[in-house]
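Single-structure report; data block below.
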Protein chains: 2
Amino acid sequence: MSHLRYLCDMSVTRDKLIEAAVVALNQDESATIEQIATMAGVTRRTVHRYFNDRNTLVQECKQTMLQVCNLKMTQAYQSSQQPAIQLENMFYAALEVGIQYSFVKKLFKRNQYTNLVNNQERAYDDVKANWFKLVEILQQQGAIDKKLSIPWIYNLFGGMVDIAIEAQQAGDVARNDIKSFSWTSFKGSIGLQ
Amino acid sequence: MSHLRYLCDMSVTRDKLIEAAVVALNQDESATIEQIATMAGVTRRTVHRYFNDRNTLVQECKQTMLQVCNLKMTQAYQSSQQPAIQLENMFYAALEVGIQYSFVKKLFKRNQYTNLVNNQERAYDDVKANWFKLVEILQQQGAIDKKLSIPWIYNLFGGMVDIAIEAQQAGDVARNDIKSFSWTSFKGSIGLQ
DNA sequence: AATAAATGTCACATTTATGAGTCATTTGCG
DNA sequence: CGCAAATGACTCATAAATGTGACATTTATT
């Protein structure tokens with residue numbers, strides 16, 4: 001056990017593969033192993049060495065992404081006591097884990113109410129419940145446009161992250177501007193003071 | 001030639017297949033012919049009767065969707081002389097052809113600058129150019145937040161359509177609310193007075 | 001330089017997707 | 001009803017994607 005991982009350490013490649021798979025699957029949910037391997041800069045055979053089959057890889061992506069998002073979002077939620085600040089920090093957290101967040105969102109969009117309820121998924125429900133509470137409070141205070149429904153605002157929140165990702169991938173919006181642009185736009189879209 | 005098309009008229013089935021393919025491909029760009037057929041409520045064999053191969057079907061989807069979007073967006077652009085009204089009507093037009101618009105957007109996101117430049121694609125460039133002019137005018141007038149860049153606003157415009165589609169598909173936002181919610185939110189997101 | 005780990009290359013079996021032919025059945029119409 | 005168009009059900013051939021094994025090559029560590 002070294003204090004620093006080797007560059008060719010297996011766990012590094014493993015993480016790299018999951019990361020590449022998330023990017024590929026986020027853009028094309030039927031992406032082939034070949035495409036994922038190419039994106040990760042390895043051979044298809046290497047992917048098969050780390051994951052028995054395609055489904056295993058996909059499942060690992062789901063678990064890992066859920067874990068990452070739950071952690072980041074929970075930290076953001078606990079970063080303050082003021083709903084407006086909490087919401088803003090949760091937005092930034094979602095932006096930071098952009099593609100992961102988008103992946104998790106799609107995950108729950110498709111398999112809604114499967115019987116695959118595990119700890120991570122329950123934790124995600126908690127995160128979502130906390131988010132809903134925040135928006136409810138802000139709306140009751142009149143800080144958020146009362147004409148908009150909370151489910152709509154939830155869709156907006158996730159959708160704005162996707163817009164930020166797309167803008168970044170398209171490359172036509174300066175990378176440094178994206179964070180401020182997207183928060184400004186999200187704030188405006190819900191009429192937040 | 002009857003004034004009313006038969007229910008089993010070929011062109012009806014053909015249109016139905018294209019429509020189903022657009023929905024399927026919009027959600028999974030690698031959707032199989034089987035999935036598309038299922039979505040259209042026909043057999044895979046039927047799809048093959050109308051389109052020689054998968055690529056032909058995809059190409060036809062692109063052409064048809066481009067045509068539909070160009071028409072609707074151009075009509076909306078020409079519906080007024082006031083930039084703010086024109087923009088609003090273009091937004092509604094994009095919403096009306098929601099999935100088609102989203103499809104076309106993805107189309108141009110991937111194959112940017114291919115050599116497949118045909119009439120429809122040139123027309124799309126015109127539509128886009130007109131849209132840009134509107135936003136530029138509004139921003140110079142101070143009617144739109146000057147801190148936001150126009151490419152960002154363009155991404156927002158298309159992204160808001162996607163959010164509306166998702167909200168509708170998820171079913172957690174009342175169908176009648178979606179039009180007003182999304183315009184309200186888009187307006188707010190760009191700081192439009 | 002020697003060693004071990006990690007990855008690449010090739011070869012092959014299995015599965016899945018695609019495209020197309022044939023014939024029976026359904027559907028809308030006169 | 002009876003006709004003709006449209007579709008479904010079944011079939012097969014080919015192509016693409018997946019999963020594995022054996023071995024060569026590269027890479028990092030000692």
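Chain letters run A, B, ... following the sequence lines, proteins first and then strands; every chain starts at 1.
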Measuring to OP1 and OP2 of dT7(C), would you say a side-chain N or O of Thr13(A) lies under 4.0 angstrom away? yes

Round to a whole Å and report the spacing from CZ of Arg14(B) to P of dA5(D). 18 Å

Residue whose closest nucleotide on DNA chain C lies nearer the 5' end, Ile33(B) versus Lys16(A): Lys16(A)

Any donor-acceptor pair under 3.5 Å linking the side-chain atoms of Trp152(A) with those of Ser185(B)? yes

With the side chain of Thr43(B) defined as its heavy atoms from C-beta on, choose the nearest nucleotide among dT7(C), dA17(C), dG8(D). dG8(D)

When you measure from the centre of the six-membered ring of Phe103(A), is the NZ or CZ of Lys62(A) under 6.0 Å away and within 45° of the axis? no

For nucleotides 20-23 of chain C, give me every protein contact, N/O to N/O, under 3.5 Å, one pair per line with atom names.
| from | atom 1 | to | atom 2 | distance (Å) |
| --- | --- | --- | --- | --- |
| dA20(C) | OP2 | Asn52(B) | O | 3.0 |
| dG21(C) | N7 | Arg45(B) | NE | 3.3 |
| dG21(C) | N7 | Arg45(B) | NH2 | 3.2 |
| dG21(C) | O6 | Arg45(B) | NE | 2.9 |

Quick one: Glu34(B) CD to dA16(D) C1', roughly how many Å, whole number? 16 Å

Basic-acidic side-chain contact under 4.0 Å: Glu88(B), Lys187(B): no

Quick one: do Asn119(B) and Tyr124(B) satisfy side chain to side chain contact (heavy atoms under 4.5 Å, CB included)? Show the steps, please. CA-CA 9 Å; Asn119(B) 290 337; Tyr124(B) 183 78; over 6 Å; no

dA16(D), OP1 or OP2 - any side-chain N/O from Thr32(A) closer than 4.0 Å? no

In terms of ring plane angle, is the pair Phe132(A) and Tyr154(A) parallel, tilted or perpendicular, where the classes change at 30° and 60°? tilted

Distance check needed: dT16(C) C1' versus Asn55(A) CG, whole Å only. 15 Å

Should Thr46(A) be listed as having a side-chain N or O under 4.0 Å from OP1 or OP2 of dG8(C)? yes

Protein-nucleotide distance (Ile36(B), atom CD1; dT18(C), atom P), rounded to Å: 8 Å

So, Lys105(A) and Asp162(A), do they make that salt bridge, N to O below 4.0 Å? yes

